[in-house]
**Student:** 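Can you keep this structure in mind? I'll have questions shortly.
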Amino acid sequence: MTAKTTASGVPYDAQGEMTDQARRDAAMKGFVKEFGAVAASHLESCVRCGMCSEACHFYVATGNPAYTPIHKLQPFEQAYKRHAGPFSPVYRLFGLVPSVTVEKLQEWERLIFDACTMCGRCTLACPMGIDIAELIKKARHGMFKAGLIPDRLQLMDRTARAWGSPATPAEDFADIIRDTGEELGVPMNVDRDKAEYLVTVAPAELTEHTKALADAAKVFNAAGLDWTYHTEGFEASNIGYLNGDLELQEKMTRKLIDCAVKIGAKTLVLPECGHAYGAARWEAARWYGGEVPVRVIHMTELLAEVVNSGKIRLKPIAQSATFHDPCQLVRRGGVNEAPRDVMKALDLKLTELENTKALTWCCGGGGGVVSNTRADPIRYKAFELKKREVDATGTQRFVTACGQCRITLNLGAKHFKWDKKVESLLELVADNLAD
Amino acid sequence: MTLLDFARGPALQAALVIFIIGALWRFIGALLLPWRLVPAQPREGSPGTVSAWLKGMAVKMWPHEPFAKHGAFQFINGYIFHVGLAIVVFLFVPHILFIQGLTGLSWPGLPNSFVTVIGVVTAASLVAALLHRLRSPVLQLISRVDDYISWLLTFLPVLTGLLATAHLGARYETMLALHILSICVFLIWFPFGKLMHAFLFAFSRGMTGVRLGQRGAEL
Amino acid sequence: MVTPQTLGEILEGRGVSRRAFLKYSSYLSALMALPPSMAPAMAQGLAAARRQSVIWLSFQECTGCTESITRSMSPTLESLIFDTISLDYHHTLQAASGEAAEHAREKAMADNKGKYVVVVDGSVPLKDGGLYSTIAGVSNLKMLQDTCKDALAVISVGTCAAFGGIPKANPNPTGAVGIDEIIKDKPVINIPGCPPIPEAMTGSVAYLVAFGKIPELDHLKRPKAFFGDSIHDRCYRRPYYERGEFAEGFDDDGARKGYCLYKVGCKGPVTYNACATLKWNGGVSFPIQSGHGCLGCSEPDFWDQGGFYRPLSTSMPGMGMALAGAAAVGAALGVGAALTARKHQQAYIREQAAKGDEK
Amino acid sequence: MTASPNGREAPTLTGMADAVLSEVAARLADFAASGATAVIELTSMPLTVQDRAALDEKLGRGEVSAEVSAAGRSEVWETAFAGVWFVRHYGEGGRISSESIEITRVPLLLESHPDDARAAARRLAELCAQAQTHTGATPGSDGA
């Protein structure tokens, strides 16, 4: 893993000892596998109107035209036109569309990974309905095969493959759970043979935010649910979904689903994490031929269920608050009302951000960007958009429902010395359970 | 065989043939690629595939509020020349008669002087669109030759049409012939450039409509 | 041979005063859109001119043009033209026939060598040496060439003489052509129309007689004074065209209200003639005013423009088949392209699997 | 000469009359100042029946009106404005074949043409000669 720069002076990371030609071929193979009718209908319809740029926080915050979302797909589209489009035989025969060069892929690594959180706001802006976020994810498969992904994501990929989680080896998982339980005096269930609910965790919760593990336990116990954590299926964040490593994505997803089936759980609860929801809720069926044998829900959906069904009652906080809608949960996931139901139950008087629900600005850290330190400068710029809108609401509390967003927003707050505390919805519920 | 006879006869016929061949070739060629839809379980209460598809097509016709504000020019000017072109092409009586000759379908048209005014507005709007493409740094970066060819081949029929209606530029038959020839070139280029979005948008919007619609997400 | 009198002297004997000449000239200059100030000059020119010898040749024609020009024979202002020319040969109108008629023609050509005008109506057949139309055993082609040898100018009267007209209509069995495709070395004035408007003929001839030169012609050699504007531009129903009020048939409400006839095949927009202003039968009416669309009779090949009742902007017939064929070819190409792309993808995926790319 | 459309009441006043009127005024001013004569041709103008009547009514009638019968009938009259003359020629069946407004001392049409006068002189001389044979001597005729 070495940081390099292209002839045109653009920094990129490269993994593995492949020759340039081999790297390019691997990328093309990765791309070509993605060119189905769905990608074709999108890639054939762009009219270069530029409206997606106005939706992208990286372009709006920096003003750099290179961050125009559709521009980030240029090599992917070129490969499509040359290898899979209806006119591809003609383009190849007359050399009308050149094959993608490895320099271009190296140059575009920064645009496909650093400058895109796959938040999907551009997809909502595109008048032709091109799902640019989806296509970026497809493009990342090829980039991974070519070994042209940010080193930090490669690092996390290797640890996840080795340990089953980027945060901790699987063996230590049960101890972390029990230690946290004892430390915070919360009864914990781990590695039970049978349970109705299999609860999974995010990497941050295994390192700094271990309190979240206890918070989840408190809620499940208060609601009288039959639940457990489990060593064979605990890591919900799916690095393969972010860095294009399809094999890892499949392996991580299968671990969760198979473990849930093994312990007879009817519901698999994902933690407060964005891409975990995207990977497990919407793409698990990809590995299970259309029928996922277990109900997959996000922690926020679980909270709304137990609150709305009266399984738990909450003490009112009676303060003003604003909410950051995590992109993968709301814009890409459709869970609009659940967090608001919970906040109402907490008697938090919600003032919506100027851009909210499906139109919210992304925190700037999703899709592996926060882990990829090379992207920090533009991430901080994007953070300012969110900071300005939160300040504008003037509310006392600032809540969200995704660990990655909280990390990103906290890093931004520290960088700008912003005294706003970013709070987790789960934590608020756990701390305000009525006795 | 005057220029007008050539334009109205063999040239237009050849152009229509190439248009149909190219359009079907690209359309079927793109959509017969493997569909491989990711079979995710839709959220209950989310619309079925067909209604999600149609919803996707309908919702994209109007931008969400923040994008209407920032992309205002593209969105408003875009509609002006699209609606303008639609009125001029489909509600101008001579055009309706041409379509009737080809397909047998007919419908009432708008007064010619009204359509001429619309034609002028459309031409101005197209010029504004070109200026915007030339001035905006984003569009400068992502624009290609196709965008400029497609613009020119859409603008020329409007221009020659207006000149023919106003009996300017050349003898009426010559300008009418140029008008028809400009349409022939437009039809020949249509399937190979971005003008195909006129057909493919339905599929592109539909796919996203289904993917996000079945997640219960906003489109 | 007594010196030929001037027109003025000849007509004086008939009680036609110079005032009549002035009146006729102002009428003609209005007709030909000449500046009014030219009327006195024209009157003077006419009065001083010799009687113009005219030889009228009729070939493949229906005598409609002769009918039209003679229609204005009634003794009024318009008829004055016939006093200014000496019609030395017209085998429909003249009394003599057979040898005597041909002899009269040759004598007129000899007497006025280089100064007589040849007026032709009807097209000339060229196929099989022109044997499809002969007069006294002489083919029209030969007679035309001989007669025009010493002519001052040739005036083709009617669409047949000008552009070949009906005889030239598809399939043109006799190989009929317009006069100016044969006579290349003499100035030719085309006065098309089926038949042409009488004033167009008399005006042009009078102009030639008065000023001794050809009036201004357009690219089809037609006098711009009469063929400068399209019927559409001078049509009184144009406001209906602009307001989008059309007759859908010949007996519907629109037709009765006198709406525009574009939808029932009017060829006004592409036809250049003076019908809409001068009108016919002495200004009584013209085709559109009496409810029928213009046929475009003063334009070349007006018979073969796809039908008098097909609107001008309708596509040419017979496109259906070609388009269906195109659809089939397009679909085939589409399927072919998709299959090659799928094969291409499979090859890639197999090759990758074979290389055991699993890390 | 614009007849009313088939079966419909003729279109009303089109304002052409006022346009012609203003041009006549301009030409009359020139004529009054510099004596420059002018002719405004009305034949091919799209004047409706109402326009023509309005023009006639506005110009009115002056002190002179004449009837000319030479190759058909014509009327010439001075309008209420000295120097502005109306000349109208009638063709077959009373149809107006051509019409114009002349701004001049007197329209050319009314003048006797020198050639006509020469011919007339001859005829008058013959007449006198015949008269002389009937009534004997006639003072002063030179018998051309």
**Student:** Would you say Arg48(A) and Ser150(B) make side-chain contact, with heavy atoms under 4.5 Å?
**Tutor:**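 Arg48(A) vs Ser150(B): side chains apart.
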
**Student:** For Gln74(B) and Cys49(A), indicate whether the former's side chain and the latter's backbone hold a donor-acceptor pair under 3.5 Å.
**Tutor:**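 It does hold such a pair.
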
**Student:** For Val335(A), is it the side chain, the backbone, both, or neither that has a heavy atom closer than 4.5 Å to a heavy atom of chain B?
**Tutor:**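 Interface part for Val335(A): both.
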
**Student:** Going from CZ on Arg205(B) to NE2 on His42(A), what distance comes out if it is rounded to the nearest 0.5 angstrom?
**Tutor:**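 It comes to 12.5 Å.
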
**Student:** Just wondering, do Ile130(A) and Phe201(B) contact through their side chains at under 4.5 Å, heavy atoms?
**Tutor:**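 They are not in side-chain contact.
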
**Student:** Check this for me: Lys266(A), atom NZ, are more than 12 non-hydrogen atoms of other residues, nucleotides or ligands nearer than 6.0 Å?
**Tutor:**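 No, NZ of Lys266(A) has 12 or fewer neighbouring heavy atoms, counting only those of other groups under 6.0 Å.
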
**Student:** Check whether any side-chain heavy atom of Phe73(B) lies under 4.5 Å from a side-chain heavy atom of Met51(A), and answer yes or no.
**Tutor:**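 In short, these two side chains do not touch, never coming nearer than 4.5 Å.
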
**Student:** Looking at side-chain heavy atoms only, is the closest gap between Trp282(A) and Arg43(B) below 4.5 Å?
**Tutor:**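 The answer is yes, as the side chains (C-beta and beyond) meet within the 4.5 Å cut-off.
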
**Student:** Determine, step by step, whether Arg281(A) and Gln41(B) satisfy the side chain to side chain contact (heavy atoms under 4.5 Å, CB included) criterion, reporting the C-alpha distance in whole Å, the side-chain angles of both residues, the deciding distance to 0.1 Å, and the verdict.
**Tutor:** CA-CA 8 Å; Arg281(A) 176 65 178 84; Gln41(B) 267 121 315; 4.1 Å; yes

**Student:** Kindly indicate whether the side chain of Arg211(B), heavy atoms from C-beta on, has any atom under 4.5 Å from the side chain of Asp131(A).
**Tutor:**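 Yes, at least one pair of side-chain atoms sits under 4.5 Å.
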
**Student:** Count the heavy-atom pairs under 4.5 Å between each of Ser53(A), Ala40(A), Ala125(A) and chain B, then report the option with the highest count.
**Tutor:**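 With the most close heavy-atom pairs to chain B, the winner is Ala125(A).
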
**Student:** Nearest heavy-atom pair of Tyr80(A) and Leu33(B): which atoms, and what distance?
**Tutor:**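 Here Tyr80(A) and Leu33(B) meet closest at CE1-CD1, 4.1 Å.
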
**Student:** Give the member of Pro127(A), Ala358(A), Ser88(A) that has the highest number of heavy-atom pairs under 4.5 Å with chain B.
**Tutor:**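 Option with the greatest count: Pro127(A).
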
**Student:** Test your reading of the model: is there a side-chain donor-acceptor pair from Lys60(B) to the backbone of Leu124(A), 3.5 Å cut-off?
**Tutor:**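 Here the side-chain-to-backbone pair exists.
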
**Student:** Would you mind telling me which of Ala66(A), Ser45(A), Ala284(A), Cys46(A) has the largest number of heavy-atom pairs within less than 4.5 Å of chain B?
**Tutor:**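 Top option by heavy-atom pairs under 4.5 Å: Ser45(A).
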
**Student:** Under a 4.5 Å heavy-atom cut-off, does chain B meet the side chain of Glu301(A), its backbone, both or neither?
**Tutor:**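 It is the side chain, since no backbone atom gets that close.
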
**Student:** Looking at NZ of Lys72(A) and CD1 of Ile142(B), how far apart are the two atoms once the value is rounded to the nearest 0.5 Å?
**Tutor:**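 Rounded to the nearest 0.5 Å, the NZ-CD1 separation comes out at 12.0 Å.
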
**Student:** Does some side-chain heavy atom of Pro86(A) sit less than 4.5 Å from a side-chain heavy atom of Trp25(B)?
**Tutor:**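 Sidechains of Pro86(A) and Trp25(B): in contact.
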
**Student:** Just to be sure I understand the criterion: a residue of residues 175-192 of chain B counts if one of its heavy atoms is under 4.5 Å from a heavy atom of chain A. Which ones qualify?
**Tutor:**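 Within residues 175-192 of chain B, the residues that come under 4.5 Å of chain A (heavy atoms only) are Pro191(B), Phe192(B).
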
**Student:** Any salt bridge between Arg144(B) and Glu77(A), counting N to O under 4.0 Å?
**Tutor:**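 Glu77(A) and Arg144(B): salt-bridged.
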
**Student:** How about CZ on Phe90(B), more than 12 heavy atoms from neighbouring residues, nucleotides or ligands closer than 6.0 Å, or not?
**Tutor:**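 At most 12 heavy atoms, drawn from other residues, nucleotides or ligands, come within 6.0 Å of this atom.
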
**Student:** Which atoms of Tyr288(A) come close to chain B, meaning under 4.5 Å heavy atom to heavy atom: side chain ones, backbone ones, both, or neither?
**Tutor:**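 No part of it gets close to chain B.
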
**Student:** Is Leu31(B) close to chain A through its backbone or its side chain, or both, or neither, when contacts mean heavy atoms under 4.5 Å?
**Tutor:**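 Both parts, backbone and side chain.
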
**Student:** Of all heavy-atom pairs between Lys194(B) and Val47(A), which one has the smallest distance, and what is that distance?
**Tutor:**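 Shortest heavy-atom separation between Lys194(B) and Val47(A) comes out as NZ-O, 3.0 Å.
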
**Student:** Is it the side chain or the backbone of Thr123(A) that comes within 4.5 Å of chain B heavy atoms, both, or neither?
**Tutor:**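 Both parts, backbone and side chain.
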
**Student:** Under 4.5 Å heavy-atom distance to chain B, tell me which part of Ile70(A) shows up: side chain, backbone, both or neither.
**Tutor:**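 Contact with chain B is through the side chain of Ile70(A) alone.
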
**Student:** For chain A, which of Arg133(B), Met196(B), Gln214(B) has the most heavy-atom pairs under 4.5 Å?
**Tutor:**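 Heavy-atom pairs under 4.5 Å are most numerous for Arg133(B).
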
**Student:** Do Leu200(B) and Ser41(A) make a side-chain contact, defined as non-hydrogen atoms from C-beta onward lying under 4.5 Å apart?
**Tutor:**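 In short, these two side chains do not touch, never coming nearer than 4.5 Å.
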
**Student:** Any side-chain to backbone donor/acceptor pair from Ser204(B) onto Met128(A)? Under 3.5 Å, distance only.
**Tutor:**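 Present.
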
**Student:** Please classify the contact of Tyr67(A) with chain B as side chain, backbone, both or neither, using a heavy-atom distance under 4.5 Å.
**Tutor:**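 For Tyr67(A), there is no contact with chain B at all, as no heavy atom is under 4.5 Å.
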
**Student:** Regarding Glu218(B) and Arg332(A), does a basic nitrogen lie under 4.0 Å from an acidic carboxylate oxygen?
**Tutor:**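 Salt bridge absent between Glu218(B) and Arg332(A).
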
**Student:** Would a 4.5 Å heavy-atom cut-off, applied to side chains only, mark Phe67(B) and Leu359(A) as touching?
**Tutor:**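 Yes; the side chains approach each other to less than 4.5 Å.
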
**Student:** With the threshold set at 4.0 Å, does a side-chain nitrogen-carboxylate oxygen contact exist between Arg26(B) and Glu44(A)?
**Tutor:**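 Counted as a salt bridge, because a side-chain N and a carboxylate O are separated by less than 4.0 Å.
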
